Amino acid sequence: LFISDINTYIPIGADIEKYADDILSYILDSFDTNLPQAIIDGVQKWCNDNKMRLNTKKCKVLTINVNQPPNLILNGQQLEIVKSYKYLGFMLNDKLCCDQQWHRVKQITRSTPFLIKHLKRTGFREEILLSVYRSYALSHFAYSAPLLTSTSAKAKYEMHQYQRRA
């Protein structure tokens with residue numbers, strides 16, 4: 001499925017990111033209050049023209065620095081307003097705080113230090129232990145690096161401690 005032509009359905013003033021069947025639209029500057037609904041209407045029109053349906057339950061609204069989030073309607077249903085949202089493995093939130101990404105990486109990789117210690121005790125070579133660390137932990141750190149570099153001092157300290165433990 002090619003979605004490259006969806007840009008022509010998105011109103012001026014909105015930006016869009018696409019990956020496979022995921023779409024993320026955002027507005028960076030001040031805007032006409034009708035723009036968010038116009039974006040949704042544009043995506044809906046593209047879907048109708050291409051004989052597709054949007055799953056309203058998967059469509060969310062995340063606002064940053066907005067006093068009153070807009071009530072946005074898709075297929076006659078109001079879209080859910082959320083405080084955080086996982087997009088392509090990145091945790092985005094309404095405070096632009098990147099600590100949630102660290103908590104997500106920590107949760108995913110929490111068993112890695114134990115695994116490495118267990119393998120070390122059973123006599124595995126250092127090359128194998130490094131390979132395990134790179135595969136199970138470092139890959140998540142590297143993928144998340146754009147957000148992890150902007151975490152709080154507390155989260156950075158926890159990351160440092162995690163690296164030392166592993």
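Just so it is clear, the structure is predicted and the values come from calculations on it, not from any experiment.
- Put simply, CG on L147 and CG on L96 are 10.0 Å apart, with the number rounded to the nearest 0.5 Å.
- Using a 4.5 Å heavy-atom threshold, the side chains of D99 and K154 count as separate.
- Under the 4.5 Å side-chain criterion, counting only non-hydrogen atoms from C-beta, I39 is in contact with I27.
- Between F124 and H118, the closest side-chain pair of non-hydrogen atoms is not below 4.5 Å.
- Salt bridge present: K45 and D49 bring a charged side-chain N and a carboxylate O closer than 4.0 Å.
- In this structure, I128 is a member of the same hydrophobic cluster as L138, with clusters built from ILVMFWY side-chain heavy atoms closer than 4.5 Å.
- Within the 3.5 Å criterion, the main-chain N or O of Q77 finds no donor-acceptor partner in the side chain of N75.
- L72 is not listed as a side-chain neighbour of L74, based on a closest heavy-atom distance of 4.5 Å or more.
- Across all their heavy atoms, C98 and T151 have their closest contact at O-CG2, 3.5 Å.
- Counting only heavy atoms from C-beta outward, the side chains of W46 and T8 never approach each other to under 4.5 Å.
- With sequence neighbours left out, the side-chain contact (heavy atoms from CB on, under 4.5 Å) criterion links K60 to E80, V82, Y85.
- Judged by distance alone, the side chain of S131 and the main-chain N or O of E127 form no donor-acceptor pair under 3.5 Å.
- Side-chain contact between T33 and P70 is absent, with no heavy-atom pair separated by less than 4.5 Å.
- Minimum heavy-atom separation, V132 to L119: CG2-CD1, 3.8 Å.
- S84 places no side-chain N or O within 3.5 Å of a backbone atom of L92 that could act as its donor or acceptor partner.
- The nearest pair of heavy atoms linking L54 to C47 is CG-SG, 3.6 Å.
- Looking at every heavy atom in both residues, I3 comes nearest to D22 through CD1-O, 4.5 Å.
- Remark: T109 pairs with Y162 by the side-chain hydrogen bond (donor to acceptor under 3.5 Å, both in side chains) rule, at least two apart or across chains.
- Cluster membership check: L24 does not share its hydrophobic cluster with I6, using side-chain heavy-atom separations under 4.5 Å among Ile, Leu, Val, Met, Phe, Trp and Tyr.
- By the criterion of side-chain heavy atoms lying less than 4.5 angstrom apart, applied directly or through intervening Ile, Leu, Val, Met, Phe, Trp or Tyr residues, I10 is grouped together with L79 in one hydrophobic cluster.
- Partners of Q161 under the side-chain contact (heavy atoms from CB on, under 4.5 Å) rule, at least two apart in sequence or in another chain, are Y157, R164.
- I73 approaches Q78 most closely through the heavy-atom pair CD1-CA, 3.7 Å.
- L62 and N93 get closest at one heavy-atom pair: CD1-C, 4.0 Å.
- Sparse packing is recorded around NZ of K120, with 12 or fewer heavy atoms of other residues, nucleotides or ligands lying under 6.0 Å away.
- Dense packing is recorded around CZ of F141, with more than 12 heavy atoms of other residues, nucleotides or ligands lying under 6.0 Å away.
- The local environment of NE2 in H103 is crowded, with over 12 non-hydrogen atoms from other residues, nucleotides or ligands closer than 6.0 Å.
- Contact check for Q44 versus Y9: no side-chain heavy atoms found under the 4.5 Å cut-off.
- Counted by atom type alone, Q101 and Y143 present zero donor-acceptor pairs between their side chains at under 3.5 Å.
- Considering OG of S135 and CG of L115, their distance stands at 10.5 Å, rounded to 0.5 Å.
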Query - side-chain contact (heavy atoms from CB on, under 4.5 Å) between I40 and Q37, worked out - result: CA-CA 5 Å; I40 292 168; Q37 186 62 53; 4.0 Å; yes
